[in-house]
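Let me begin by presenting the structure, written as structure tokens, before commenting on it.
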Amino acid sequence: SFVLPAIKPHRRVLLFLVLALSLAPLSVTLGKAVSTRHCPWDIDEFGGLVPYTRLFEPNAPHVEPGRCFPAGHASTGFAPPSTSDCSSRT
């Protein structure tokens, strides 16, 4: 809106859209960086080599972190619906 005066009335909505659509993938990336959960195909019950652990159990000492949670495709899919309220505010 500093460059295009025509979009000045929509500055808040556009800022919200930019933040919503960029923070969702960023939060998924950060979540994966600190996650120790493995993908289902890595777990021995499904043909992988890693033993199953419950949600808050630590991994066995010899097991590397999985970095597979949260699911990027599913989590990022919730970013566009979070912007649905913007159409009524413009």
Side-chain angles (χ1 to χ4, degrees):
S1 65
F2 299 108
V3 177
L4 300 172
I7 63 172
K8 186 175 183 178
H10 308 291
R11 187 184 321 176
R12 283 188 165 179
V13 172
L14 292 173
L15 178 64
F16 176 78
L17 285 171
V18 168
L19 288 175
L21 294 174
S22 60
L23 290 179
L26 178 65
S27 63
V28 171
T29 302
L30 293 175
K32 283 181 177 284
V34 299
S35 172
T36 61
R37 303 300 300 168
H38 286 273
C39 298
W41 53 81
D42 292 336
I43 298 174
D44 58 3
E45 294 177 25
F46 303 110
L49 302 173
V50 179
Y52 173 76
T53 57
R54 294 192 181 275
L55 183 57
F56 295 111
E57 288 181 342
N59 283 341
H62 65 283
V63 177
E64 299 272 333
R67 312 265 189 251
C68 199
F69 180 82
H73 62 284
S75 302
T76 305
F78 285 104
S82 70
T83 64
S84 63
D85 189 43
C86 291
S87 62
S88 65
R89 295 177 187 253
T90 58

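Both Leu19 and Leu26 are part of a single hydrophobic cluster, where members link through side-chain heavy atoms under 4.5 Å apart. Side-chain heavy atoms closer than 4.5 Å link hydrophobic residues (I, L, V, M, F, W, Y) into clusters, and following such links, possibly through other members, connects Leu17 to Leu4.
A distance of 14.0 Å separates CH2 of Trp41 from CG of Leu49, quoted to the nearest 0.5 Å.
The two residues Tyr52 and Asp44 have their closest heavy-atom pair at N-OD1, 3.9 Å.
Not counting sequence neighbours, the partners of Thr53 by the side chain to side chain donor-acceptor pair (under 3.5 Å) test are Arg37.
In this structure, the side chains of Leu14 and Ile7 come closer than 4.5 Å at one or more pairs of heavy atoms.
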Donor-acceptor contacts, no H, no angles, side chain residues 58-73, under 3.5 Å, sequence neighbours left out:
unit_1: Asn59; atom_1: ND2; unit_2: Thr36; atom_2: O; d: 3.2
unit_1: Arg67; atom_1: NH1; unit_2: Ala33; atom_2: O; d: 3.1
unit_1: Arg67; atom_1: NH1; unit_2: Ser35; atom_2: O; d: 2.9

